[in-house]
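A short write-up of the structure that comes next.
We use all heavy atoms of the structure for the numbers below, so side chains are in, but hydrogens, waters and symmetry mates are not. So that the names make sense, note that chain A is the first sequence line, chain B the second, and so on, each numbered from 1. It should be emphasised that the depicted structure is a prediction, and the values quoted were computed from it without experimental measurement.
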Amino acid sequence: DQQVKQNSPSLSVQEGRISILNCDYTNSMFDYFLWYKKYPAEGPTFLISISSIKDKNEDGRFTVFLNKSAKHLSLHIVPSQPGDSAVYFCAAINTGTASKLTFGTGTRLQVTL
Amino acid sequence: DTGVSQNPRHKITKRGQNVTFRCDPISEHNRLYWYRQTLGQGPEFLTYFQNEAQLEKSRLLSDRFSAERPKGSFSTLEIQRTEQGDSAMYLCASSLVGGKQYFGPGTRLTVT
């Protein structure tokens, strides 16, 4: 039962363009969402998060959008840079009852020159 | 560097052997988590501690797995009688209560 889904295993974007990574969830009890970035042979690094009481959160080049009715969130990276090439994981948590993160399967982003 | 550290970074073992991994969390963090990541998947929760108490264990944590955090600081994860299906990246994370989880670099286990 995959409660957090990232349906695009990979994405290729040109440098300077926008990267959009998508994530869907099925558990309506999730109330906090995070994006992590992972380079090979390293652990996931926290990137940006959003609470379910918001629909948008920005941090520099990174913006996360949340559509609760559709149970969908997306990460926008503008402009994309070669150093953004990594695997991006969407994660969700029910802050009231659990501490564990539920992760998606990841999207590999490649930013080309 | 005051991040989460894990040792060893890589472990190759033969099927049937026991292995133990160590995680040192960020010093002020009272929560410590273990996750496992296999190829093509996201990290999957195994267990977590608040201080020295183990508060939750996943169904993924079979009887061959045991985790401890004896003094509420570092933690160990032991796998007894390893099987090839145990080959994975084992990730440790730490946080404050209600805070974001920060991950270590992981221990890659290969069971031959």
Against chain A, work out which of B/Gly106, B/Pro105, B/Pro43 has the most heavy-atom pairs shorter than 4.5 Å and name it. B/Pro43

More than 12 heavy atoms of other residues, nucleotides or ligands under 6.0 Å from CD of B/Glu52: is that the case? yes

Hphob cluster co-occupancy, B/Leu60 + B/Leu109, side-chain heavy atoms under 4.5 angstrom: yes

Quick check: is A/Phe65 connected to A/Leu109 through a chain of hydrophobic side chains (ILVMFWY, heavy atoms under 4.5 Å apart)? no

Give me the other members of the hydrophobic cluster that A/Met29 sits in, counting Ile, Leu, Val, Met, Phe, Trp and Tyr linked by side-chain heavy atoms under 4.5 Å, directly or via other members. none

Restricting to non-hydrogen atoms, name the atom on B/Phe45 and the atom on A/Leu101 that form the minimum distance, rounded to 0.1 Å. CB-O, 4.4 Å

If hydrophobic clusters are built from ILVMFWY residues whose side chains come within less than 4.5 Å, do A/Leu11 and A/Val87 share one? no

hydrophobic_cluster_shared for B/Leu77 and B/Val19, side chain cutoff 4.5 Å: yes

Looking at A/Gly106, A/Pro44, A/Cys90, A/Ala41, which has the largest count of heavy-atom pairs under 4.5 Å with chain B? A/Pro44

Taking CG in B/Leu55 as the centre, count heavy atoms belonging to other residues, nucleotides or ligands within less than 6.0 Å. Is the count above 12? yes

Produce the donor-acceptor pair table for chain B versus chain A, cut-off under 3.5 Å.
| unit_1 | atom_1 | unit_2 | atom_2 | d |
| --- | --- | --- | --- | --- |
| B/Arg9 | NH2 | A/Ala41 | O | 2.8 |
| B/Arg31 | NH1 | A/Ser99 | OG | 2.4 |
| B/Tyr35 | OH | A/Leu101 | N | 3.0 |
| B/Glu56 | OE2 | A/Lys100 | NZ | 3.4 |
| B/Lys100 | NZ | A/Tyr32 | OH | 3.4 |
| B/Gln101 | O | A/Tyr36 | OH | 2.7 |
| B/Gln101 | NE2 | A/Ser99 | O | 2.7 |

